[in-house]
K.L.:
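Just dropping this structure here.
First the proteins, then the strands, lettered A, B, ... as listed; each starts at 1.
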There are 2 protein chains.
Amino acid sequence: MIVNKLKDLREKKMKQSVKSEDWTQEGLAKRLGVTRQTIISMEKGTYNPSLVLAFKIAHEFRVTIEDIFEYRDDKIES
Amino acid sequence: MIVNKLKDLREKKMKQSVKSEDWTQEGLAKRLGVTRQTIISMEKGTYNPSLVLAFKIAHEFRVTIEDIFEYRDDKIES
DNA sequence: TTTAAATGTAAAGTTTACTTTACGTTAATT
DNA sequence: AATTAACGTAAAGTAAACTTTACATTTAAA
């Protein structure tokens with residue numbers, strides 16, 4: 001499974017951005033070329049972005065994919 | 001668009017692996033939990049892996065996603 | 001306290017990643 | 001030269017990412 005820090009990062013950006021740059025779900029969605037629904041579903045963890053979208057997101061936040069997304073093995077360890 | 005070094009990296013591994021560890025398309029596919037078709041299509045660039053699969057691949061090669069996959073902007077710059 | 005902006009939810013449709021099957025080609029080994 | 005392992009192709013089906021639409025809830029500001 002994949003866990004992500006999308007919501008936290010975006011909300012942080014919203015607070016920090018002095019000039020009220022657009023870090024709303026809608027603003028981010030537009031810059032990424034996806035719909036707001038896509039942002040919502042990713043923040044909720046309902047589904048994972050494609051690799052292309054993951055790259056775009058990382059670029060928007062100016063970090064690496066690994067900074068936002070983390071892969072966790074699901075294998076049972078009894 | 002996304003370009004990847006999958007084929008090069010895998011072939012390099014095949015040559016380097018002294019003990020003939022399984023770096024064939026089939027061997028890699030099995031360890032990744034996908035089919036050989038998936039490996040072929042990715043090496044050809046027919047389609048991009050999901051983020052989950054990209055993570056698994058990076059883990060197999062013991063590198064980061066960015067070491068294997070590169071995102072290139074498609075926007076026209078005339 | 002009303003209005004509007006931002007967020008959330010749900011469901012049906014499209015696109016793309018990925019599977020399955022089956023067969024053809026190349027390269028290495030005997 | 002014949003066999004086999006590895007690679008390549010094609011096509012139809014399934015699963016998951018992503019869109020579209022529409023409406024409901026929360027939050028902030030007038």
Side-chain angles (χ1 to χ4, degrees), chain A residues 1-61 65 68-75, chain B residues 1-61 65 68-75:
Chain A
M1 76 176 300
I2 287 181
V3 296
N4 74 74
K5 300 174 183 159
L6 248 179
K7 190 164 187 177
D8 284 354
L9 283 177
R10 189 181 59 79
E11 284 174 349
K12 203 173 173 186
K13 282 282 186 185
M14 277 200 88
K15 284 177 195 165
Q16 288 176 344
S17 64
V18 183
K19 295 188 67 183
S20 106
E21 278 145 319
D22 218 356
W23 284 99
T24 63
Q25 290 178 338
E26 187 154 27
L28 178 58
K30 261 182 196 159
R31 290 204 304 283
L32 294 172
V34 298
T35 61
R36 195 168 59 89
Q37 263 310 317
T38 300
I39 305 290
I40 291 171
S41 298
M42 284 189 300
E43 290 190 350
K44 267 205 312 179
T46 302
Y47 62 68
N48 301 123
S50 66
L51 184 55
V52 178
L53 185 49
F55 265 116
K56 287 180 183 171
I57 291 170
H59 185 252
E60 273 299 322
F61 286 98
I65 288 178
I68 305 183
F69 302 95
E70 185 188 345
Y71 177 65
R72 286 184 190 167
D73 218 331
D74 268 19
K75 281 168 198 153
Chain B
M1 74 176 302
I2 286 181
V3 296
N4 73 74
K5 301 174 183 157
L6 248 181
K7 189 165 188 175
D8 284 354
L9 282 177
R10 190 181 57 78
E11 285 173 349
K12 201 173 174 185
K13 282 281 187 185
M14 277 200 89
K15 284 176 194 164
Q16 289 177 345
S17 62
V18 184
K19 296 189 67 184
S20 104
E21 279 147 319
D22 220 357
W23 285 99
T24 63
Q25 290 178 337
E26 188 154 25
L28 178 58
K30 260 180 199 161
R31 290 205 303 284
L32 293 171
V34 298
T35 62
R36 194 168 59 90
Q37 263 311 317
T38 300
I39 305 290
I40 291 172
S41 299
M42 284 190 299
E43 288 190 351
K44 267 206 311 178
T46 301
Y47 62 67
N48 301 122
S50 67
L51 184 54
V52 178
L53 184 47
F55 266 117
K56 286 180 183 171
I57 290 170
H59 185 252
E60 273 299 321
F61 285 98
I65 288 179
I68 305 184
F69 302 95
E70 185 189 344
Y71 176 67
R72 285 183 191 167
D73 218 329
D74 268 20
K75 280 167 198 156

K.L.:
Whole Å only: how far is the NZ atom of B/Lys30 from the C1' atom of D/dA6?
P.N.:
13 Å
K.L.:
Which nucleotides of nucleotides 9-30 of chain D have their base under 4.0 Å from a protein heavy atom (B), which only their sugar-phosphate (S), and which neither (-), written as one string 5' to 3'?
P.N.:
BB------SBBBB---------
K.L.:
Take the C1' atoms of the five end pairs on each side of the helix from C/dT1-D/dA30 to C/dT30-D/dA1, get both axes, and report the angle to 10 degrees.
P.N.:
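Between the first-five-pair axis and the last-five-pair axis there is 40°.
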K.L.:
Kindly write out the residues that satisfy side-chain hydrogen bond (donor to acceptor under 3.5 Å, both in side chains) with B/Gln25, not counting sequence neighbours, or none if the list is empty.
P.N.:
B/Glu43
K.L.:
Give, for atom CD1 of A/Ile57 and atom CZ of A/Arg10, the distance between the pair rounded to the nearest 0.5 Å.
P.N.:
11.5 Å
K.L.:
Report the distance from atom OH of A/Tyr71 to atom CD1 of A/Ile65, rounding to the nearest 0.5 Å.
P.N.:
15.5 Å
K.L.:
Taking salt bridge (charged side-chain N to carboxylate O under 4.0 Å, His left out) as the definition, give me every residue that meets it alongside B/Glu70, ordered by chain and number, with sequence neighbours left out.
P.N.:
B/Arg72
K.L.:
Rounded to the nearest 0.5 Å, how far apart are NZ of A/Lys44 and NZ of A/Lys7?
P.N.:
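The distance works out to 10.0 Å.
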K.L.:
So, B/Thr38 and B/Thr35: side-chain donor and acceptor under 3.5 Å apart, yes or no?
P.N.:
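Yes - a donor-acceptor pair under 3.5 Å links their side chains.
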K.L.:
Of all residues at least two apart in sequence or in a different chain, which pass the side-chain contact (heavy atoms from CB on, under 4.5 Å) check with A/Ala29?
P.N.:
A/Val34, A/Ile39
K.L.:
Identify each atom pair where a protein N or O and an N or O of nucleotides 26-28 of chain C are less than 3.5 Å apart, giving names and distance.
P.N.:
none

K.L.:
Considering all heavy atoms of both residues, which atom of A/Leu6 and which atom of A/Ile68 are nearest to each other, and what is their separation?
P.N.:
N-CG2, 4.2 Å
K.L.:
May I have the distance from B/Glu26 (atom CD) to D/dT4 (atom C1'), rounded to whole angstrom?
P.N.:
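About 13 Å, once rounded to whole Å.
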K.L.:
Which residues pass the salt bridge (charged side-chain N to carboxylate O under 4.0 Å, His left out) test with A/Glu60, sequence neighbours left out?
P.N.:
A/Arg31
K.L.:
Would you give me the side-chain donor-acceptor pairs under 3.5 Å for residues 48-56 of chain A, sequence neighbours excluded?
P.N.:
| from | atom 1 | to | atom 2 | distance (Å) |
| --- | --- | --- | --- | --- |
| A/Ser50 | OG | A/Leu53 | N | 3.2 |

K.L.:
Restricting to salt bridge (charged side-chain N to carboxylate O under 4.0 Å, His left out), what partner residues turn up for A/Glu11, sequence neighbours left out?
P.N.:
none
K.L.:
How many angstroms lie between NZ in A/Lys12 and CZ in A/Phe61, if you round to the nearest 0.5 Å?
P.N.:
11.0 Å
K.L.:
For the atom pair NE2 (A/His59) and CG (A/Leu32), what is the distance rounded to the nearest 0.5 Å?
P.N.:
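Here the interatomic distance stands at 11.0 Å.
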K.L.:
Mind listing the residues from residues 3-12 of chain B sitting with a heavy atom below 4.0 Å of DNA chain C? Number order is fine.
P.N.:
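Residues of residues 3-12 of chain B that come under 4.0 Å of DNA chain C do not exist, since none gets that close.
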